[in-house]
Asker: 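My questions all concern the structure below.
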4 protein chains.
Amino acid sequence: MAGSVNKVILVGNLGRDPEVRRLSNGEPVVNLRIATSETWKDKGTGERKEKTEWHSVVIFNENLGRVAEQYLKKGSKVYIEGQLQTRKWQDQQGQEKYTTEIVLQRFRGELTILDSRQGGGEQFDEEHSGGSIQRGGDFGGRAPAERRPAPAGGSSRHTDLDDDIPF
Amino acid sequence: MAGSVNKVILVGNLGRDPEVRRLSNGEPVVNLRIATSETWKDKGTGERKEKTEWHSVVIFNENLGRVAEQYLKKGSKVYIEGQLQTRKWQDQQGQEKYTTEIVLQRFRGELTILDSRQGGGEQFDEEHSGGSIQRGGDFGGRAPAERRPAPAGGSSRHTDLDDDIPF
Amino acid sequence: MAGSVNKVILVGNLGRDPEVRRLSNGEPVVNLRIATSETWKDKGTGERKEKTEWHSVVIFNENLGRVAEQYLKKGSKVYIEGQLQTRKWQDQQGQEKYTTEIVLQRFRGELTILDSRQGGGEQFDEEHSGGSIQRGGDFGGRAPAERRPAPAGGSSRHTDLDDDIPF
Amino acid sequence: MAGSVNKVILVGNLGRDPEVRRLSNGEPVVNLRIATSETWKDKGTGERKEKTEWHSVVIFNENLGRVAEQYLKKGSKVYIEGQLQTRKWQDQQGQEKYTTEIVLQRFRGELTILDSRQGGGEQFDEEHSGGSIQRGGDFGGRAPAERRPAPAGGSSRHTDLDDDIPF
DNA sequence: TTTT
DNA sequence: TTTT
């Protein structure tokens, strides 16, 4: 079309470990299930309510895929930026289905890890804010410096691309 | 969960006129179909390529719904901010389906009209529009001044809520 | 103008406790200093580098101001959404200065607390994700249910509005 | 710090033609002045009010800089995504000043042209524009296909980098 | 089904 | 300094 924007921003937690498939060239394609939720008090009863929404995220961005594979696991909190994409597929009965996903294309999207369970005291001081590099950085995936060797898998589940189940 | 964000930002064009249903209290619920697209040149052939993505938007925010009803039509360009929501429904064969929509809840979300093709049959009179809103403004929907009587419908299609078709 | 958007999204940590001033009607106006930072490896030396950016946030939104006052302190990690605003002022030598802030207007903006140091084990399970309400919720500030009594101050510094120092 | 996000999203109009400076290697650095505004009706008087905010944008992203140089001019409407950056400088009296800008770093940020007033003197020829880009497209600047030769300048003002005035 |  |  021209002049359009398609952007999704999520801050949420992984409902399970990342699922990693691998392209023939070794690049990872990572699927995440991310929960966001809202809480409110019912106006009538005063009861506390919560509604959780589940999102399917697909990471084609190579650098961000490696970060996801290496550092994320069930329960991790992340900031994710991607775009909406709906694809059509057929279930085993030949029924048409649509699935909408948040996609991080090659060289696009953002992934930032927001929890820091790991490592020491996580000090934080305006005066001494230098020098603390740990998990939790912004892996924009666009700087060559951020490339690192493919990890051995860690907590992520590996599946082959042929096993691809659409939802 | 706690501490989550679920946000979609779209800039795109309406593929058809808004569809307006009405709650029993007269509040509009407006559905939009919005196209975003990306264009690129094929690396191999140098050919111009385009891929369009279609989004379903549902506006429960009363003020923004009235703005959509009154000012948007097929082709309009808008900035939309809402949240992702997936709902489950059954088609007429009893098949389970999922539909993901961008939802603007009551008192939430944003809608800004981005085109200003003011000419044409669609005259634009402050007296008839309630005096406060012209096309192209930011209808944040949170200021009381922006409330106005339900419009007569304009170019939008009205359907009853009972006719609700899920996709 | 018409058809414009002015939005800032920050995820960062407070460099110091919130500063709370109070309007004559008792509403809090809260100032935050928030750090965001980027880390990268120097292409030449391979050295780890970090650059921190400091942001001034002003919260006029009453509900979000109370949340900030009550729950935030030095080191807290937050998601903030507001708008850019630059104001002109004069220092004591009569020199013109400009300060750009991220402003959360009355009834506008978002504030979500992203750390959860406090309370128990922070379990997280896709199957049992219900029932955990604690700090870290989305205080959209637009639902009446979210109003709560003014806190006693906690870790925040109180200053009178007359002491207002511009930067 | 770790785990931070620093993002600005603007939709607004250029107050003047882009200002283009050039690095020694020929890469453009483009400055934009962008207006966003809000309108509302005064609760008391019913009067129409408007407040305009001006933003300074600096584009270091080479591809987006070329797009800005070539296609934007005073009055153009754009979607811009960048990050906040405050820099300190001294005026000619040696006074310390701070300026906050929206920066599109190399390989980062987004720029989408939102108006399509195609008529007028500003003809628009695929052959002259390098064949790949028309007004209104998404110039993400990350696809190799989008690279093109430096344009002759168009409506933009050129200044040398040595003339750099900070505000 | 939009737009360029 | 833009735009409506």
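Naming: A, B, ... by sequence-line order, numbering from 1 per chain. Here the structure is a predicted model, which means the values were calculated and not measured.
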Asker: Can you tell me the distance, in whole Å, between the OH atom of B/Tyr71 and the P atom of F/dT4?
Answerer: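 My rounded result for the distance is 16 Å.
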Asker: Over how many whole Å does the gap from B/Lys77 atom NZ to F/dT4 atom P extend?
Answerer: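 The distance from NZ of B/Lys77 to P of F/dT4 comes to 15 Å, rounded to the nearest Å.
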Asker: In whole angstrom, give the distance that lies between atom CG of D/Leu10 and atom C1' of F/dT1.
Answerer: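 After rounding, the gap between these two atoms is 15 Å.
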Asker: Using a strict threshold of under 4.0 Å (side-chain N to carboxylate O), is an ion pair present between D/Glu38 and D/Lys49?
Answerer: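 Salt bridge absent between D/Lys49 and D/Glu38.
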Asker: Check the distance between F/dT2's P and D/Glu38's CD and give it to me in whole angstrom.
Answerer: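 Whole-Å distance recorded here is 19 Å.
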Asker: Starting at atom NE2 of D/His55, determine the distance to atom C1' of F/dT1, rounded to an integer number of angstrom.
Answerer: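 Rounding to the nearest Å, NE2 of D/His55 and C1' of F/dT1 are 13 Å apart.
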Asker: Would you please determine if the base of F/dT1 is stacked by D/Trp54, with stacking meaning a centroid separation under 5.5 angstrom and planes under 30 degrees?
Answerer: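 D/Trp54 ring centre within cut-off of F/dT1 base, planes near parallel; stacks.
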Asker: So, using side-chain hydrogen bond (donor to acceptor under 3.5 Å, both in side chains) as the criterion, who are the partners of D/Glu96 when residues are at least two apart?
Answerer: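 D/Glu96 satisfies side-chain hydrogen bond (donor to acceptor under 3.5 Å, both in side chains) with D/Lys88 only.
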Asker: Rounded to whole angstrom units, what separation is found between the CD atom of D/Glu53 and the P atom of F/dT4?
Answerer: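 One finds 20 Å between P of F/dT4 and CD of D/Glu53, rounded.
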Asker: With the side chain of B/Arg16 defined as its heavy atoms from C-beta on, choose the nearest nucleotide among F/dT2, E/dT2, E/dT1.
Answerer: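 For B/Arg16, the side-chain atoms sit closest to E/dT1.
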Asker: Identify, with sequence neighbours excluded, every residue that meets side-chain hydrogen bond (donor to acceptor under 3.5 Å, both in side chains) alongside B/Glu47.
Answerer: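 Expected list: B/Thr45.
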Asker: Verify the distance criterion only: is there a donor paired with an acceptor across the side chains of A/Thr86 and B/Trp54 at less than 3.5 Å?
Answerer: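 Distance-only check fails for A/Thr86 and B/Trp54.
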Asker: D/Ile113 has an atom CD1; how far is it from atom C1' of F/dT2, in whole Å?
Answerer: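 Rounded to whole Å, this separation is 16 Å.
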Asker: Can you tell me the distance, in whole Å, between the NZ atom of B/Lys51 and the P atom of E/dT4?
Answerer: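 Going from NZ in B/Lys51 over to P in E/dT4 covers 20 Å.
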Asker: Nearest of F/dT2, E/dT2, F/dT1 to any side-chain atom of D/Thr52?
Answerer: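 Side chain of D/Thr52 sits closest to F/dT2.
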